[in-house]
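Below you'll find the structure, written out as structure tokens, and then a few comments.
Note that the numbering runs from 1 along the sequence shown for the chain.
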Amino acid sequence: MAHMSIQNTFHESTELASRRARMFPRGVMIPFLLVTALFFLWGVPNNLNDVLIRQFMKSFALSRFSAGLVQSAFYLGYFILAMPAALLMRRFGYKFGFLTGLVLFGSGAFLFWPAALSGRYGYFLTALFVIASGLSFLETASNPFVAQLGPPGTAAQRLNFAQAFNPLGSITGALIGTIYIFSGTELTGSQIAALEAAHTYSAYLRSETMRVVAPYMVLGGIVLLWALLIAITKFPKVAGERDVQDHGSFRELLRHRSFLLAVFAQFMYVGAQVGTWSYFIQYIQDSTHQSEKVAGYLLTGTLAAFGLGRFGSSAIMHYVRPDRLMASYSAINILLVGIGIVFPGWIGLWAIFLTSFFMSVMFPTIFALGIDGLGSSTKIGASFIVMAIVGGAILTPLMGWISQMSNIAEAYSVPLACYCVVGLFSILWHRLKQPD
């Protein structure tokens, strides 16, 4: 027993020393910075979606469930394109994935113009699907690229640092939506009836729809410019690209129990994150009766807390093992969401607000722990974890349905269940990471 204790102590000391090793490799900082900027760029449309849900409920007179299809169209793009992205990158490398993703991303953003001119909700869903298809390539490439661009012992810390720029994009997206998409005009039933009697209601709806165009045109231009910068930059080969003969296999992945649980945990986590933010504006308005502008700024605030959590967790991981940190944060979020369900109002609002800080560690840590030890199967494994993002497409409409059947506070029981799964993964990962 004493011998085992000494072995465990030595093992944990070795892991701690490994985590304190160089997080950023020498000689590859320009590619690292270009790829890290991608985490910011894809954060913008992710959280513009939260604004779009509320805006489309207004401009297309949609129910919460129908508006929630914004997230379904978006995250189905991730699900469907992740595996093709992995297979193409297995042949052509990570840089090909970055360029393909950016071109699709930019193209989808430009599709908002014809979608608005047509005035059809389905066309916007198509544009969002194209954007998400591009983001699927970017996430399938960027996460394993950053994780493998240095010592394995600092992969989770390095990925948390890069992912910390994602909430900065999320904050930017929420602010852009609040300032440039929300008009601040919220009509009552009698006002709508008056506009319909004057035959001007259709013109009002069209003007609200057109407000989404300009932000996406600017975003599309920036994205294509970034594609040009990556195209002219030389990228290093990382660990997963060095052996061109061995690309791994699906059968090999099935031997890694920790990877399989990581896929499920990521599915649940993304459902919790997307659902929490998608209906946060509605939670605020239903429970505190604030305006859409105030709710939009509160959404921006919770995203800022998310960003602080990302940078903070990267620093804490110098001293605390990633799985243990995530287990603690999962327990805290279970408590906070429980408060949000039981005490809707200002107490519940601030409880849900704080969950963003503690959820921040989850996506990059699940990703890094999930691909740990996959070797030549890393690209395929990464694609499965990215495909798990479809949790946002499935669980967000589920929250919308529950809110229609009951109330918005009860809908947050979905994120509550999700954090229970993430906590279970955090506890079991260390003992499951060895393949059978």
Side-chain angles (χ1 to χ4, degrees), residues 33-56 59 70-71 73-78 81 85 97-118 121 123-142 162-183 207-231 273-274 277-278 281 296-297 299-300 303-304 306-307 389 392:
L33 293 174
L34 286 173
V35 173
T36 297
L38 298 179
F39 290 81
F40 173 89
L41 283 176
W42 78 60
V44 176
N46 269 285
N47 285 91
L48 270 172
N49 286 351
D50 304 326
V51 172
L52 288 181
I53 286 176
R54 177 59 188 162
Q55 184 68 7
F56 288 155
S59 64
V70 163
Q71 300 292 25
F74 196 77
Y75 288 99
L76 278 174
Y78 273 99
L81 269 294
F98 299 140
L99 293 174
T100 304
L102 287 167
V103 170
L104 285 170
F105 181 178
S107 300
F110 286 128
L111 285 176
F112 264 60
W113 173 248
L117 292 178
S118 73
Y121 181 50
Y123 288 4
F124 281 107
L125 296 182
T126 300
L128 288 167
F129 179 85
V130 175
I131 290 174
S133 298
L135 303 193
S136 182
F137 271 85
L138 294 182
E139 294 219 33
T140 304
S142 300
Q163 282 274 2
F165 291 87
N166 179 253
L168 298 181
S170 299
I171 293 167
T172 302
L175 275 176
I176 289 171
T178 300
I179 295 170
Y180 295 105
I181 293 179
F182 283 159
S183 64
S207 68
E208 289 290 336
T209 301
M210 292 300 295
R211 293 183 67 87
V212 306
V213 174
Y216 279 88
M217 296 298 99
V218 174
L219 179 60
I222 293 171
V223 165
L224 294 182
L225 174 62
W226 212 257
L228 177 62
L229 292 176
I230 287 181
Q273 176 191 295
V274 174
W277 293 343
S278 293
I281 289 175
Y297 287 125
L299 173 64
T300 304
L303 297 175
F306 184 78
I389 290 174

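- For S278 against V274, the heavy-atom pair with the smallest separation is OG-O, 2.6 Å.
- By the 4.5 Å heavy-atom criterion applied to side chains, W277 and N46 are not counted as neighbours.
- Two residues are said to be in side-chain contact when any heavy atoms from C-beta on lie closer than 4.5 Å; T172 and I176 meet this criterion.
- No option in L102, V103, T100 other than T100 meets the side-chain contact (heavy atoms from CB on, under 4.5 Å) test with F137.
- Annotation: side chain of W226 is not in contact with side chain of I222 (no heavy-atom distance under 4.5 Å).
- In this structure, S170 OG and L175 CG are separated by 11.0 Å, a value rounded to the nearest 0.5 Å.
- In this structure the side chain of L219 never reaches within 4.5 angstrom of the side chain of P215, judged on heavy atoms.
- Of the inter-residue distances, the one linking T126 atom OG1 with Y123 atom OH reads 8.0 Å to the nearest 0.5 angstrom.
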Would you mind writing out the side-chain donor-acceptor pairs for residues 36-43 within the sub-3.5 Å range, not counting sequence neighbours?
| residue | atom | partner | partner atom | Å |
| --- | --- | --- | --- | --- |
| T36 | OG1 | F32 | O | 2.7 |
| W42 | NE1 | E139 | OE2 | 3.3 |

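- The distance from the CD atom of Q273 to the CD1 atom of I389 is 9.0 Å, given to the nearest 0.5 Å.
- Closest approach of A116 and V213 over heavy atoms only: CB-CG2, 3.3 Å.
- Side-chain atoms of V70 and Y121, non-hydrogen and from C-beta on, do get closer than 4.5 Å to each other.
- For the atom pair OG of S118 and CH2 of W113, the computed distance is 11.5 Å after rounding to the nearest 0.5 Å.
- For Y180 against R211, the heavy-atom pair with the smallest separation is O-NH2, 3.4 Å.
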Inset, instruction - Report the C-alpha distance between F110 and L224 in whole Å, list the side-chain angles of each, state the deciding distance to 0.1 Å, and finish with yes or no for side chain to side chain contact (heavy atoms under 4.5 Å, CB included). - result: CA-CA 11 Å; F110 286 128; L224 294 182; 3.5 Å; yes

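- For L48 against G173, the heavy-atom pair with the smallest separation is CD2-O, 3.3 Å.
- Note: L81 CG to T140 OG1 = 8.5 Å, rounded to the nearest 0.5 Å.
- By the side-chain contact (heavy atoms from CB on, under 4.5 Å) test, V212 pairs with L52, Q55, F56, F112, F124, I181, sequence neighbours left out.
- With rounding to the nearest 0.5 angstrom, the CG atom of L128 is 10.0 Å from the CG atom of L135.
- Contact between F129 and A73 at its shortest, heavy atoms only, is CD1-O, 3.5 Å.
- Closest approach of Y216 and N49 over heavy atoms only: OH-OD1, 4.3 Å.
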